[in-house]
Amino acid sequence: METSPRLPSAFGMTLDDWIAWAGANGQTTFRAKQIVQWLFEKRVKSWDEMTNLSQALREQLAKTFSIERLPVVRLTGSQDTTRKFLFRLHDGRLVETVKISANVHFDGGQSDRITLCVSSQVGCAYDCKFCASGLAGFTRNLEVEEIIGQVLAAEEEAGESVCNLVFMGMGEPLANLTRLIKALEILNAPWGMNIGARHMTVSTSGLAPQIEKLALVPMQIRLAISLHGATDEVRNKIMPVNKKYPLPRLFEALETWRDHKKQKITFEYILIEGVNDHLAQAEILAKRARAMEAKVNLIPYNTVEGLEWKRPSEVQQEAFLAVLKKAGVTATLRREKGHDIDAACGQLRLQEETAEGIISSVKGR
Ligand code: SAH
């Protein structure tokens with residue numbers, strides 16, 4: 001069977017890219033703006049709907065770019081309204097995105113605010129010992145349009161805009177830095193997905209040089225560090241990346257970050273029984289957080305099939321939190337959502353084997 005070559009996606013391009021394309025194809029900048037408006041503001045699903053463009057231009061666009069959405073292979077609902085999307089990428093790989101709705105009360109009413117947890121890679125190379133995503137290793141980086149596509153699909157399913165976006169799905173976003181930066185630009189742009197920079201958080205296991213590069217990008221995005229250990233000794237045991245960038249190197253990068261960004265850094269700290277939940281770790285963590293004026297987000301460890309780790313008792317969790325608070329650190333103990341559908345932090349994993357089943361069942365309809 002002859003397969004036609006895959007067209008580049010319309011959702012991987014910035015307005016500047018469209019302007020350049022228009023210029024090279026005898027079109028005006030105004031046309032480029034119209035195209036972008038159809039794509040991102042009106043969210044049309046076919047070139048034909050772009051009624052203020054000439055037939056010839058629409059045909060040329062259709063031959064040159066794809067406007068396809070990422071196909072959703074499975075949408076799992078959780079009892080707490082968390083939803084997990086499983087998307088199939090053009091090469092058959094699968095990627096997960098988690099949508100978390102928080103019911104927010106405000107004067108005169110309430111509304112659902114959507115936080116979307118997006119993936120940046122298929123698999124992950126960093127091999128953190130507690131995380132499901134690294135279990136099967138690294139497959140590939142996501143393309144810009146595959147990052148944007150997760151957000152588009154979630155907004156279309158919800159019928160409303162995403163309020164907060166966190167790069168805490170599968171993968172290490174800073175290992176896919178060039179695409180990440182372009183995706184952030186499209187996500188943030190008023191002509192694009194229009195999500196405020198302060199509402200986007202990039203989470204990293206601690207790639208120091210890339211933190212320094214991202215610090216220079218003129219966008220007030222937030223940074224979360226998956227710290228999980230307050231000393232090199234503890235961190236080395238559970239996060240191999242710490243051997244490459246030990247804490248002094250990581251904190252040097254955080255200083256650079258702070259020179260360029262206004263928002264407080266967040267330290268994420270999974271509590272794992274007997275590994276990093278000792279109160280002596282809490283004392284050191286408190287000092288580190290204070291030195292960086294960072295907030296601490298404690299996450300009781302989520303069970304991952306095939307891994308032996310356990311979450312500490314609630315008494316221990318609270319005691320750990322109390323040490324931080326007593327030291328004057330802004331800290332929270334996160335109560336996870338989506339645990340029942342394996343959509344909570346660290347539970348997103350490669351889905352290739354199950355994919356075979358899903359795809360064959362779709363084909364066999
Ligand atoms: N690679 C990036 C982005 C993934 S974020 C990073 O490490 O930050 C995923 C978040 O979930 C990280 O804070 C990660 O440390 C956390 N996490 C991983 N496994 C977990 C588990 N089993 N329970 C709770 N949180 C986990």
Side-chain angles (χ1 to χ4, degrees), residues 82 84 95-98 100 115-138 141-142 147 150 164-177 180 183 200-208 210-211 214 221-230 234-235 237-242 244-245 250 253-254 257 265-273 275-277 285 294-312 317 320 332-350:
T82 300
K84 185 163 77 169
V95 80
E96 291 178 303
T97 307
V98 180
I100 305 147
T115 294
L116 200 68
C117 177
V118 296
S119 293
S120 54
Q121 300 183 311
V122 183
C124 185
Y126 286 83
D127 198 25
C128 296
K129 300 304 175 197
F130 43 80
C131 181
S133 294
L135 284 178
F138 171 69
N141 283 316
L142 289 188
I147 297 175
Q150 297 172 58
N164 293 296
L165 195 126
V166 297
F167 283 87
M168 294 189 187
M170 207 193 291
E172 170 50 57
L174 293 193
N176 191 9
L177 188 66
L180 173 78
M200 297 198 283
T201 302
V202 173
S203 180
T204 177
S205 58
L207 306 197
Q210 285 84 342
I211 292 171
L214 190 59
I221 51 169
R222 293 176 193 260
L223 182 68
I225 302 295
S226 289
L227 201 61
H228 313 321
V234 169
R235 216 169 179 260
K237 280 190 203 148
I238 50 179
M239 301 183 72
V241 67
N242 198 66
K244 198 161 180 194
Y245 305 115
L250 175 59
L254 298 186
W257 183 269
I265 294 171
T266 301
F267 288 159
E268 293 170 273
Y269 197 99
I270 309 175
L271 290 167
I272 312 174
E273 189 177 77
V275 174
N276 64 1
D277 65 337
L285 176 60
K295 301 183 280 190
V296 176
N297 191 4
L298 298 176
I299 313 160
Y301 176 73
N302 290 316
T303 340
V304 173
E305 208 188 301
L307 298 181
E308 297 302 313
W309 315 94
K310 281 208 217 76
R311 56 167 70 168
Q317 296 172 23
F320 199 96
T332 54
L333 181 58
R334 198 198 292 175
R335 290 279 158 233
E336 287 291 338
K337 292 190 167 204
H339 202 263
D340 57 331
I341 54 168
D342 278 356
C345 289
Q347 293 185 316
L348 302 189
R349 60 167 83 217
L350 279 179

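Along the sequence shown, the residues carry numbers beginning at 1. Both ligands and their constituent atoms are indexed starting at 1 by order of listing.
Contact between Phe130 and Ile238 at its shortest, heavy atoms only, is CE2-O, 3.8 Å.
Between Gly134, Cys117, Gly169, it is Gly169 that holds the heavy atom closest to atom 4 (C) of ligand 1. Comparing Lys129, Met168, Glu172, Met239 by heavy-atom distance to atom 9 (C) of ligand 1, the nearest is Met168.
Remark: side-chain polar atoms of Ser119 are paired, donor with acceptor, to backbone N or O of Met170 under 3.5 angstrom. Between the side chain of His228 and the backbone N or O of Glu268 there is at least one donor-acceptor pair closer than 3.5 Å. Panel note: side chain Ser133, backbone Gly171; no donor-acceptor pair is recorded below 3.5 Å. Judged by distance alone, with hydrogens and angles left aside, the side-chain atoms of Glu96 form no donor-acceptor pair with the main-chain N or O of Lys84 at under 3.5 Å. Proximity of a side-chain donor or acceptor of Asn276 to a complementary backbone N or O of Ala230 within less than 3.5 Å is not detected.
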### Task
Please step through side chain to side chain contact (heavy atoms under 4.5 Å, CB included) for the pair Lys129 and Val275, ending with a clear verdict.
CA-CA 11 Å; Lys129 300 304 175 197; Val275 174; over 6 Å; no
### Query
So Leu250 and Arg235, side chain to side chain contact (heavy atoms under 4.5 Å, CB included) or not? Walk me through it.
CA-CA 12 Å; Leu250 175 59; Arg235 216 169 179 260; 4.1 Å; yes
### Task
Evaluate the criterion side-chain hydrogen bond (donor to acceptor under 3.5 Å, both in side chains) for residue pair Thr204 and Gln210; output intermediate values, then yes/no.
CA-CA 10 Å; Thr204 177; Gln210 285 84 342; over 6 Å; no
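Taking distance alone, with nitrogen or oxygen atoms compared against 3.5 Å, Gly171 approaches ligand 1 more closely than that limit. In terms of N/O distances under 3.5 Å, ligand 1 is not approached by Cys124.
Near Ser205, the atoms of ligand 1 lying under 4.0 angstrom from a non-hydrogen atom of the residue are 6 (C), 7 (O), 8 (O). Applying the 4.0 Å criterion to heavy atoms of Cys131 picks out, from ligand 1, the atoms 18 (C), 19 (N). Atoms of ligand 1 found under 4.0 Å from any heavy atom of Val304 (numbered from 1 in listed order, with element): 22 (N). Those atoms of ligand 1 with a heavy atom of His228 less than 4.0 angstrom away are 13 (O), 14 (C), 15 (O).
Looking at Phe167 against ligand 1, only its backbone comes within 4.0 Å, counting heavy atoms. By the criterion of a heavy-atom distance under 4.0 Å, both the backbone and the side chain of Asn302 are placed next to ligand 1. If you look at Glu268 next to ligand 1, the close heavy atoms, those under 4.0 Å, all belong to the side chain. By the criterion of a heavy-atom distance under 4.0 Å, the backbone of Thr204, and not its side chain, is placed next to ligand 1. Contacts of Met170 with ligand 1, taken as heavy-atom pairs under 4.0 Å, are absent altogether.
Under a 4.0 Å heavy-atom criterion, Trp309 is not in contact with ligand 1. In this structure, Ser133 has no heavy atom closer than 4.0 Å to ligand 1.
Remark: of the listed residues Ile147, Asn176, Ile221, Thr201, Ile147 is the sole one forming a side-chain contact (heavy atoms from CB on, under 4.5 Å) with Phe167.
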